[in-house]
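Have a look at the structure below before the remarks.
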Amino acid sequence: MAAMTRRRAESLRWAPALVLALAAGGAARAQTEGAATGGGMTVRPRIAMMETWTDNLRLSEHDKDAALVTVVSPGISIVRTNGPLRGSLDYTLNGIVYEKSDQPSQLQSALQANGQAELIERHLLVDMNASIGQQSASAFGLQSTPTLGSQSSVSTLANANRHQVSTLLLSPMLHEVIGSLVSMDLRGNFSRTEVRGSSLGDNRGAGGSLRFTGAGGGSLNWWTQVTTQQTTPASGRANRLSSAVLGLSYQPDADLTLGADAGRERNDYLTSTGQKGNTGGVNAQWRPTPRTRVNGDWHRHEYGNSHSFSFEHRMAHSVWQLSDSQAVTVGSLSAGGVRSNYDQFFLLFASLEPDPVKRDLLVRAYLQAQGLSPDAPSSAGFLSSGPSQLRSQTLGFTLQGVRSTLSAQASRNITRRLGSGLNQGDLANNSRIEQRSYSLTASHQLTPTSGLSVTAAHQQALGDASGRATRLTSLTANWNGKLGPRSSVQFGARHARFEGVTAYAENAVYANLTQQF
């Protein structure tokens, strides 16, 4: 009980800051409204209230616990399109209260933020990225479907396998041109990941790179780079990768770029004493039209070769995506699952709004009008420490009609353990974990102020250890409408069925009211 009280007190430290931000945003809105073309800054505070009834709060097969769940969600969206500090931030604080149940109340944060600070014009930049969201600790533990609101999804069910994960990435860069022939980029990379209620997945990273690139122009150019990066988990041995590489790039025309590089690297992914070896590879980027992009890359490493391939094609009302990649991750989330609604429409609207910061506002406004959550469908995955090799394959498309939209995504992720005794969690007992995810979302604008959306999703995880497998299938339907220029309402229902460590079926209905200021 004391530990729970301390966690609540720690979470409540976010609340005063958010209240102040909402108050400041409300006072400043008159000055910032329409500033995307003027001062370049838009601040939009909001508050939402959601009421959910579920017939299986504890996700039990036999001992079901029906309950009412109330969620109060103040939030704020900030976008700045020009000036020395540019970027976007969207934050929601979800206060969750359970009625007719002894489940304790809790706070959940949801954050997506990215920006760039230009401290010295054209010389010193700092790239920043931060996120807070929910993630499964184990791919083979209890899985559940979040409630999909028009602003973000929220995990209201009693699932001890889900944890709140916070990440922060900072990357300062010093850029200089030496004698008009060589450009220099000195970059630092600092990261921090924290998992609430678990040390698994907690890690910090630090490193940097120094790159020299020929600045003389022409179709043939050169570059050289030295890099070092260390990742240290909260419990376990740190891992470091260092390399020195020399590369050439050739651009025969404006649409095609070819490259090759070779060098030496040192890593300790497989053994604690480390190993040295040669590295090298080739890459290509081709943009035959403004709407089509093809990228390919292959590199040799002592710990396992890496590659990436991606194809993206945008038509007037559709976007098609295909990707296949293999790389090593260390002490971080083992990324899985499919692209979110936000990712798909951010690419689809590239021709409408080239500026990424302004496009962020456009995409979020469109998703809200369609009643679609930006971060849905939620990605599968699991928490990990230590080095692992991830093979990720994705296929997705989005079709946009006059009043209807159809979006489908499928993904396959294979995570392999590297080294011996370096991993915790699922990879301590499984040398290979395969995850598959499928989703289909259809939405239709019924009237200018109302719409309907339906999402069907299926995800499964398979391990090479005996009996390690899970499956989660869900169906969610939402109706959304406008009550005024700044207020909206949403009614929804879902059905979920899970097979794994335990089996359960869950049904829920919910209503959500959102007021923007």
Side-chain angles (χ1 to χ4, degrees), residues 3 7 59 131-144 146 155 157-168 191-205 229-241 267-272 303-304 326-337 378-392 411-437 459-472 498-502:
R7 288 196 298 270
L59 305 177
S131 66
I132 304 176
Q134 299 291 312
Q135 176 70 41
S136 294
S138 170
F140 306 111
L142 199 62
Q143 308 294 320
S144 57
S155 298
L157 299 174
N159 186 352
N161 189 44
R162 291 190 70 84
H163 295 272
Q164 181 170 289
V165 180
S166 305
T167 62
L168 175 64
S191 65
R192 185 67 184 265
T193 300
E194 291 187 353
V195 181
R196 178 191 288 181
S198 173
S199 61
L200 180 62
D202 284 357
N203 70 80
R204 63 182 185 275
Q229 187 73 29
Q230 178 171 298
T231 304
T232 306
S235 58
R237 179 170 63 83
N239 292 103
R240 178 180 289 276
L241 172 66
N267 72 89
D268 56 5
Y269 294 158
L270 302 180
T271 64
S272 59
Y303 50 82
Q326 179 170 287
V328 168
T329 62
V330 183
S332 60
L333 299 180
S334 181
S378 59
S379 61
F382 56 91
L383 299 176
S384 174
S385 64
S388 60
Q389 187 180 65
L390 174 65
R391 175 77 180 271
S392 180
S411 74
R412 176 173 178 260
N413 298 275
I414 300 175
T415 306
R416 291 184 173 89
R417 181 176 64 210
L418 291 181
S420 178
L422 302 178
N423 297 87
Q424 300 178 17
D426 289 343
L427 289 176
N429 302 312
N430 294 267
S431 61
R432 181 184 185 275
I433 297 173
E434 180 175 349
Q435 294 174 284
R436 302 170 185 171
S437 299
Q459 66 184 51
Q460 63 184 98
L462 305 170
D464 58 1
S466 176
R468 306 295 282 176
T470 61
R471 291 178 178 85
L472 175 64
F498 175 75
E499 300 174 27
V501 288
T502 183

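Quick note: residue numbers are just sequence positions, from 1.
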Measure the spacing between CZ of Phe498 and CG of Leu472 and express it to the nearest 0.5 Å. 7.0 Å
Looking just at side-chain N and O atoms, do Ser431 and Arg417 make a donor-acceptor pair shorter than 3.5 Å? no
Any side-chain donor paired with an acceptor under 3.5 Å for Asn239 and Thr231? no
Quick one: pull up CZ in Phe382 and CD in Gln143 and give me the separation to the nearest 0.5 Å. 11.0 Å
Taking every non-hydrogen atom, the tightest pair across Gln229 and Gly205: NE2-C, 4.0 Å
May I ask you to decide if Ser138's main-chain N or O and Ser136's side chain share a donor-acceptor pair within less than 3.5 Å? no
Less than 4.5 Å apart, side chain to side chain, heavy atoms only: is that true for Ile433 and Ile414? no
Correct closest heavy-atom pair for Asp202 and Val195 would be OD1-N, 2.5 Å
Looking at every heavy atom in both Asn413 and Ser392, which two are closest together, and how far apart are they? OD1-OG, 2.8 Å
Ignoring hydrogens, what is the shortest heavy-atom contact between His163 and Ala137? Give both atom names and the distance. CD2-CB, 3.6 Å
Got more than 12 heavy atoms from elsewhere within 6.0 Å of CZ, Arg391? yes
So, taking the atom named OG in Ser385 and the one named CZ in Arg237, what distance separates them when rounded to the nearest 0.5 Å? 11.5 Å
Using a 4.5 Å cut-off on heavy atoms from C-beta on, say whether the side chain of Leu383 contacts that of Gln135. yes
Taking Asn161 for the side chain and Leu142 for the main chain, is one N or O donor matched with an acceptor at less than 3.5 Å? yes
Exam field: side chain Asp268 to backbone Arg240, donor-acceptor pair closer than 3.5 Å: yes
Side chain of Asn430, backbone of Ala465: donor and acceptor closer than 3.5 Å? yes
Distance col, row Ser191:OG vs Leu168:CG, nearest 0.5 angstrom, shows 8.5 Å
When you look at Gln164 and Ile132, which way does the side-chain contact (heavy atoms from CB on, under 4.5 Å) test go after all the steps? CA-CA 7 Å; Gln164 181 170 289; Ile132 304 176; 3.6 Å; yes
Considering all heavy atoms, the nearest Ala158-Leu59 contact: O-CD1, 4.3 Å
Within the side chain of Asp426, is there an N or O that forms a donor-acceptor pair under 3.5 Å with the backbone of Ala139? yes
Go through the steps for Glu194 and Arg196 under the test salt bridge (Lys or Arg N to Asp or Glu O under 4.0 Å), then give the verdict. CA-CA 7 Å; Glu194 291 187 353; Arg196 178 191 288 181; over 6 Å; no
Roughly how far, to the nearest 0.5 Å, is the CD atom of Gln230 from the CG atom of Asn203? 11.5 Å
What closest approach, in Å, do Leu427 and Ser384 show between heavy atoms, and which atom pair accounts for it? CD1-OG, 3.6 Å
Answer with yes or no whether the side chains of Ser131 and Thr167 bring together a donor and an acceptor at under 3.5 Å. yes
No-hydrogen, no-angle side-chain donor-acceptor test under 3.5 Å, Gln460 and Thr470: no
Those residues that, when tested against Glu434, pass salt bridge (Lys or Arg N to Asp or Glu O under 4.0 Å) (two or more places apart): Arg412, Arg432, Arg436
Pairwise side-chain contact, Leu418 with Arg416, heavy-atom cut-off 4.5 Å (strictly under): no
Report yes if some heavy atom in the side chain of Gln389 is under 4.5 Å from a heavy atom in the side chain of Thr329; otherwise report no. no
Check against side-chain contact (heavy atoms from CB on, under 4.5 Å), Gln459 and Gln435: CA-CA 7 Å; Gln459 66 184 51; Gln435 294 174 284; over 6 Å; no
So, the side chain of Glu499 versus the backbone of Ala469: is there a donor-acceptor pair under 3.5 Å, distance only? no
